[in-house]
Amino acid sequence: MFKRKVLSVDEVVSMFLRQNGLETPLLQNRLVDAWDTVAGNVIARYTEEKYIRNQVLFVKIASPALRSDLSMMRTQLVNKLNKYVGARIIVDIRFY
């Protein structure tokens with residue numbers, strides 16, 4: 001009898017995404033979508049734009065005071081966002 005390597009659907013999908021270069025863009029999209037959840041509803045109300053470029057999350061915040069407060073929490077937010085996604089996607093956050 002032949003012994004077959006049985007893979008779960010999750011493993012097959014992960015392998016497919018990795019082989020076709022789709023894993024990183026998918027994780028980046030999940031991280032951007034996770035901003036509202038991780039940062040909270042109050043901060044999400046003042047968030048206007050968010051995108052990732054070169055492993056840096058850029059977030060446009062409408063309130064200068066909030067932007068200053070978030071800048072001091074940058075390291076904690078990076079760690080929480082990466083943990084939420086389950087991979088090291090970003091290394092820094094820039095607020096503008």
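Starting from 1, each residue takes its place in the sequence as its number.
- With respect to the salt-bridge test (charged N to carboxylate O, under 4.0 angstrom), the residues D36 and K50 qualify.
- In this structure, V32 is a member of the same hydrophobic cluster as V78, with clusters built from ILVMFWY side-chain heavy atoms closer than 4.5 Å.
- If you check the side chains of Q28 and Y51, you find no donor sitting under 3.5 Å from an acceptor.
- Proximity of V59 to W35: side-chain heavy atoms (C-beta onward) are separated by under 4.5 Å at one or more points.
- One N or O on the side chain of E11 and one on the backbone of S8 form a donor-acceptor pair closer than 3.5 Å.
- Clustering ILVMFWY residues whenever any of their side-chain heavy atoms sit less than 4.5 angstrom apart, transitively, puts V9 in the very cluster that holds L22.
- In the hydrophobic cluster analysis, where Ile, Leu, Val, Met, Phe, Trp and Tyr join through side-chain heavy atoms closer than 4.5 angstrom, L17 is grouped apart from I52.
- A side-chain donor-acceptor contact under 3.5 Å links N82 to the backbone of I90.
- The two residues R88 and Q55 have their closest heavy-atom pair at O-NE2, 4.4 Å.
- Between D92 and L57 the shortest side-chain heavy-atom distance does not fall below 4.5 Å.
- A donor-acceptor contact shorter than 3.5 Å is absent between the side chain of R94 and the backbone of F58.
- Clustering ILVMFWY residues whenever any of their side-chain heavy atoms sit less than 4.5 angstrom apart, transitively, puts V38 in the very cluster that holds M73.
- Annotation: F95, atom CZ; neighbour count of heavy atoms from other residues, nucleotides and ligands within 6.0 Å is above 12.
- No option in R67, K60, E49 other than E49 meets the side-chain hydrogen bond (donor to acceptor under 3.5 Å, both in side chains) test with Y96.
- Side chain of S68 to main chain of P64: no donor-acceptor pair is present (N/O by atom type, distance under 3.5 Å, no hydrogens or angles).
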